[in-house]
Amino acid sequence: MSTLELSEQEIIRRNSLEELNKLGINAYPAAEYKTTHFSSEIKQEFDPEKNNLQEVTIAGRIMSRRIMGKASFAEIQDAEGRIQIYINRDDLCPGEDKTLYNTVFKKLLDIGDIVGLKGYVFVTKVGETSLHVKELTILSKSLKPLPIVKEKDGKTYDAFTDSELRYRQRYVDLIVNPQVKEVFEKRRTIIKTMREMFDNAGYLEVETPILQPIPGGAAARPFITHHNALDIPLYMRIANELYLKRLIVGGYDGVYEFAKDFRNEGMDRTHNPEFTVMEIYVAYKDYNWMMEFTETMLEKVAMALHGQTKVMIGENEVDFKAPYRRLSMIDAIKEHTGIDITGMDVAGLRKVCDDLNIEVDDTFGKGKMIDEIFGEKCEGHMIQPTFITDYPVEMSPLCKKHRDNPELTERFELMVNGKELCNAYTELNDPIDQLERFQEQMKLSENGDDEAMFIDMDFVRALEYGMPPTSGMGIGIDRLTMFMTGQDSIQDVLFFPQMRPEKKAQVDSDELFVELGIATEWVEVVRKAGYKTIAALKEAKPGKLFQDICGLNKKHKLGLSNPSQDDVKNWLA
RNA sequence: GACUUAGUAGCUCAGCUGGUAGAGCAACGCCCUUUUAAGGCGUGGGUCCAGGGUUCGAAUCCCUGCUGAGUCACCA
């Protein structure tokens with residue numbers, strides 16, 4: 001890499017690295033560095049009365065420095081937090097040679113460098129538990145300056161907030177913004193709590209195919225790829241439902257999977273093209289049982305995270321204490337619009353939609369219209385956890401018909417803070433009904449609904465062997481994490497949210513520049529002057545180019561001998 | 001996909017109705033042995049996102065593009 005592409009601070013750090021090498025210090029040593037404590041342990045365990053912790057070793061990143069002549073303070077950040085260190089010149093360098101302090105620590109180390117430190121713990125005059133350093137080892141030199149974030153009395157100064165940089169360079173975000181780590185630790189607690197509950201119940205955690213020949217189990221546009229050896233298209237899964245039900249057919253009474261699903265659709269605050277769903281299927285249960293199971297699960301998760309069931313989501317305090325309200329979809333619509341749609345036909349529903357100012361088009365069936373009305377008028381009002389039950393049959397091709405009403409299904413969604421969190425059924429296990437429902441979907445698809453489901457004949461065949469009555473539930477883990485951690489963007493609960501790839505400016509190779517007669521050492525200078533391609537260079541005015549590159553030579557003290565004006569003209573000829 | 005909005009130093013941001021850039025932190029130099037957003041004095045650092053246009057003159061006005069963010073649409 002040419003120094004012309006580097007910022008002043010990056011050049012200084014690279015120079016420091018060279019200086020370290022000259023002193024015989026390897027800034028990237030290979031050997032294991034054995035630590036005895038984390039920062040948090042020192043803070044917890046140290047007792048000035050006992051005067052314990054008189055020989056501890058820590059490792060971490062330098063996050064701030066306060067140098068005061070012969071003594072210095074710095075903050076070291078490790079996996080568990082930060083601790084202050086105190087470095088005294090004569091304690092670090094007891095002999096005549098003070099290089100390690102004067103040169104290495106004061107001049108050649110920077111914020112961001114990773115160091116190992118050995119010493120004893122004490123409390124400063126101001127009352128800060130600190131490590132008095134006796135030995136310092138460089139473990140890794142940092143060549144890029146970190147964003148500097150300062151904090152006092154809980155107030156943060158110059159926070160690193162640029163969302164683009166935070167998501168593209170999550171590693172920097174994690175170093176500099178400690179609250180980001182917390183979100184991901186909570187995410188892991190959520191998953192762990194759920195997994196423990198399922199394991200205790202004796203359910204089997206399984207893995208099912210991500211590459212599927214038929215993308216089933218949901219209605220969504222899939223990502224498509226190609227398998228070379230088989231020469232067939234394969235789809236990234238949009239759901240794993242049909243595979244988990246095959247396992248119930250196979251004789252497992254309870255299976256679950258934390259699964260990455262992929263949907264080739266729009267991205268926004270609550271949608272990422274790949275996202276995590278937990279789906280669970282339990283034999284011999286129905287959706288009433290599953291509602292109890294779900295509310296118990298969420299109560300446990302909230303307790304594990306917060307020690308209480310009440311959670312702040314934005315402005316709203318949401319209480320995950322079971323049991324949750326249960327409301328049929330028709331009753332929800334009645335409650336929020338005053339209209340009773342029981343038994344209405346297509347024309348009646350269309351009129352209701354018109355009256356409520358809800359846009360519908362001619363392809364909409366009864367089910368889709370009812371869903372629109374609910375989505376427009378009811379969903380947003382469901383702040384406290386509410387089970388919405390008994391969805392129209394058209395919307396739920398994998399769900400068993402309601403025991404009391406064949407136009408409805410035994411389905412529930414759990415609404416929290418105005419959004420869907422869970423989706424669950426008494427599963428459809430009648431193979432004849434299932435095939436008919438798939439065929440209905442085909443008709444929808446022929447009518448232009450590009451999200452209608454594909455027919456999976458192998459799944460129908462599995463049902464023909466007999467699946468026990470089963471209830472299944474799916475829950476969006478990203479969304480659950482958002483609720484439970486108070487984040488309002490899915491990007492804040494994914495380490496690496498999908499971003500448009502960074503665009504590299506087009507740059508022509510050295511060879512192409514050299515072919516024009518430009519000496520190799522001048523190529524970088526020409527690029528730095530703003531002419532990254534031959535085409536751009538050909539447009540240049542020779543006089544300006546000449547001045548620009550000679551100016552850069554002087555400014556950056558490159559020590560090159562300048563070309564003549566005629567040389568430059570010849571390049572452009 | 002549509003609309004709105006933003007892109008200025010390593011980071012956070014000023015920069016009004018056009019006159020080619022500023023602050024704090026970070027960096028560099030000097031001083032300082034218990035400081036903590038350490039402090040004091042001094043110095044350097046910018047293709048003002050890119051490309052066009054208007055103008056004597058553009059960070060600033062206009063157009064196009066790129067990349068974010070927000071609303072909406074889509075997401076049963």
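First the proteins, then the strands, lettered A, B, ... as listed; each starts at 1. Please read these numbers as outputs of a predicted model, since none were measured by experiment.
- Lys152(A) has its NZ atom 14 Å from the P atom of rC25(B), to the nearest Å.
- At whole-Å resolution of the value, CD1 in Ile11(A) and C1' in rG44(B) are 12 Å apart.
- If you check every strand for non-hydrogen atoms under 4.0 Å, Asn88(A) touches a base.
- Closest to the side chain of Tyr157(A), from the set rC30(B), rA37(B), rU34(B), is rA37(B).
- Using a 4.0 Å heavy-atom criterion, one finds that Glu420(A) contacts no nucleic acid atom at all.
- Taking every heavy atom of residues 61-71 of chain A and every atom of RNA chain B, pairs under 4.0 Å involve Arg66(A), Ile67(A), Met68(A), Gly69(A), Lys70(A), Ala71(A), by number.
- Only one option out of Leu327(A), Ile388(A), Ile370(A) pairs with Ile333(A) in a side-chain contact (heavy atoms from CB on, under 4.5 Å); it is Ile370(A).
- Taking the side chain of Ile12(A) as heavy atoms from C-beta on, and the options rG68(B), rU36(B), rA27(B), the nearest nucleotide is rA27(B).
- rU71(B) is paired with rA2(B) under the Watson-Crick or G-U wobble criterion, all donor-acceptor distances under 3.5 Å.
- Taking atom CD of residue Gln9(A) and atom C1' of nucleotide rG46(B), one finds them 13 Å apart after rounding to whole Å.
- For Arg168(A), the side-chain atoms get nearest to rG68(B) when compared with the rest of rA27(B), rU71(B), rG68(B).
- Not a single salt bridge (Lys or Arg N to Asp or Glu O under 4.0 Å) links Asp371(A) to another residue, sequence neighbours left out.
- Taking atom P on both rG7(B) and rU60(B), the two are 11 Å apart, rounded to the nearest angstrom.
- rC13(B) and rC48(B) have their C1' atoms separated by 13 Å, with the value rounded to a whole Å.
- In summary, the side chains of Tyr120(A) and Asn51(A) do not present any donor paired with an acceptor at a separation below 3.5 Å, with no hydrogens or angles considered.
- Taking side-chain N and O atoms only, Arg221(A) has no distance below 4.0 Å to OP1 or OP2 of rC75(B).
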Which protein N or O atoms sit under 3.5 Å from an N or O of nucleotides 2-8 of chain B?
none

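- Scanning for ring pair (Phe, Tyr, Trp, His ring centres under 6.0 Å) contacts around Phe374(A) gives an empty result, with sequence neighbours left out.
- When heavy atoms are screened at a 4.0 angstrom cut-off, Phe122(A) is found touching base atoms of the nucleic acid.
- With rA76(B), rU67(B), rU35(B) as the choices, the nucleotide that has an atom nearest any side-chain atom of Tyr425(A) turns out to be rA76(B).
- In this model, the phosphate group of rA76(B) is not approached by any side-chain N or O of Gln441(A) to a distance below 4.0 Å at OP1 or OP2.
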Please write out the pairs of protein N or O atoms and N or O atoms of nucleotides 11-13 of chain B separated by less than 3.5 Å, giving the distance to one decimal.
from    : atom 1 : to        : atom 2 : distance (Å)
rU12(B) : OP1    : Asp162(A) : N      : 3.3

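- Taking atom C1' in both rA21(B) and rC74(B), the straight-line distance is 44 Å, to the nearest Å.
- Ion pair Glu241(A)/Lys245(A) flagged as a salt bridge, since at least one NZ, NE, NH1 or NH2 atom sits closer than 4.0 Å to an Asp/Glu carboxylate oxygen.
- The nucleotide whose nearest atom lies closest to any side-chain atom of Asp90(A) is, among rU33(B), rA76(B), rC28(B), rU33(B).
- Regarding Ile111(A), its CD1 atom lies at a distance of 14 Å from the P atom of rA37(B), rounded to whole Å.
- In this structure, the side-chain hydrogen bond (donor to acceptor under 3.5 Å, both in side chains) partners of Lys366(A), at least two apart in sequence or on a different chain, are Glu407(A).
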Hey, can you pull the donor-acceptor pairs under 3.5 Å for the side chains in residues 90-106 of chain A, sequence neighbours left out?
from      : atom 1 : to        : atom 2 : distance (Å)
Asp90(A)  : OD1    : Lys98(A)  : NZ     : 3.0
Asp91(A)  : OD2    : His132(A) : NE2    : 2.7
Asp97(A)  : OD1    : Thr99(A)  : N      : 2.9
Asp97(A)  : OD1    : Thr99(A)  : OG1    : 2.3
Lys98(A)  : NZ     : Cys93(A)  : O      : 2.6
Lys98(A)  : NZ     : Gly95(A)  : O      : 2.8
Tyr101(A) : OH     : Gly69(A)  : O      : 2.8
Tyr101(A) : OH     : Ala71(A)  : N      : 3.2
Tyr101(A) : OH     : Ala71(A)  : O      : 3.4
Tyr101(A) : OH     : Ser72(A)  : OG     : 2.7

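- Taking atom NZ of residue Lys141(A) and atom C1' of nucleotide rA27(B), one finds them 12 Å apart after rounding to whole Å.
- Cation-pi geometry between Arg411(A) and Tyr391(A) is met: under 6.0 angstrom from the ring centre, within 45 degrees of the axis.
- Proximity of Lys150(A) to the phosphate of rA37(B): no side-chain N or O atom is located under 4.0 Å from OP1 or OP2.
- With hydrogens and angles ignored, no donor-acceptor pair closer than 3.5 Å exists between the side chain of Glu75(A) and the base of rU36(B).
- In terms of position on RNA chain B, the residue among Glu164(A) and Lys125(A) whose nearest nucleotide sits closer to the 5' end is Lys125(A).
- Checked against ring pair (Phe, Tyr, Trp, His ring centres under 6.0 Å), Phe223(A) has no partners two or more places apart in sequence or in another chain.
- For rA14(B) and rU8(B), the P atoms lie 10 Å apart once the distance is rounded to whole Å.
- Scanning for side-chain hydrogen bond (donor to acceptor under 3.5 Å, both in side chains) contacts around Glu80(A) gives Ser40(A), with sequence neighbours left out.
- Phosphate contact (OP1/OP2 of rC30(B), side-chain N/O of Lys107(A), threshold under 4.0 Å): present.
- A donor-acceptor contact shorter than 3.5 Å links the side chain of Ser489(A) to the backbone of Gln491(A).
- The side chain to side chain contact (heavy atoms under 4.5 Å, CB included) search around Leu356(A) returns Thr337(A), Ile339(A), Val352(A), Ile358(A), Ile373(A), Lys377(A), not counting sequence neighbours.
- Nucleic acid contact for Glu394(A): none, since no nucleic acid atom lies under 4.0 Å from a heavy atom of the residue.
- With P as the reference atom, rG51(B) and rC66(B) are 15 Å apart, rounded to whole Å.
- With no hydrogens or angles considered, no side-chain donor-acceptor pair links His402(A) and Asn405(A) at under 3.5 Å.
- In this structure, Glu8(A) reaches the bases: a heavy-atom distance under 4.0 Å links it to at least one base atom across the strands shown.
- With hydrogens and angles left out, the side chain of Glu128(A) and the base of rU36(B) share a donor-acceptor pair within 3.5 Å.
- The gap from the P atom of rU47(B) to that of rA9(B) amounts to 8 Å, rounded to the nearest Å.
- Across rA26(B), rU71(B), rG68(B), the shortest atom-to-atom separation from the side chain of Met499(A) is found for rG68(B).
- In this structure, the side-chain hydrogen bond (donor to acceptor under 3.5 Å, both in side chains) partners of Ser328(A), at least two apart in sequence or on a different chain, are Asp331(A).
- When the P atom is used for both rU36(B) and rA23(B), the distance is 25 Å, rounded to whole Å.
- The residue Arg269(A) sits close only to the backbone: its heavy atoms come under 4.0 Å of sugar-phosphate atoms, none of a base.
- Applying the side-chain hydrogen bond (donor to acceptor under 3.5 Å, both in side chains) criterion to Ser142(A), with sequence neighbours excluded, gives Arg13(A).
- Atom P of rC56(B) sits at a distance of 26 Å from the matching atom of rG22(B), rounded to the whole Å.
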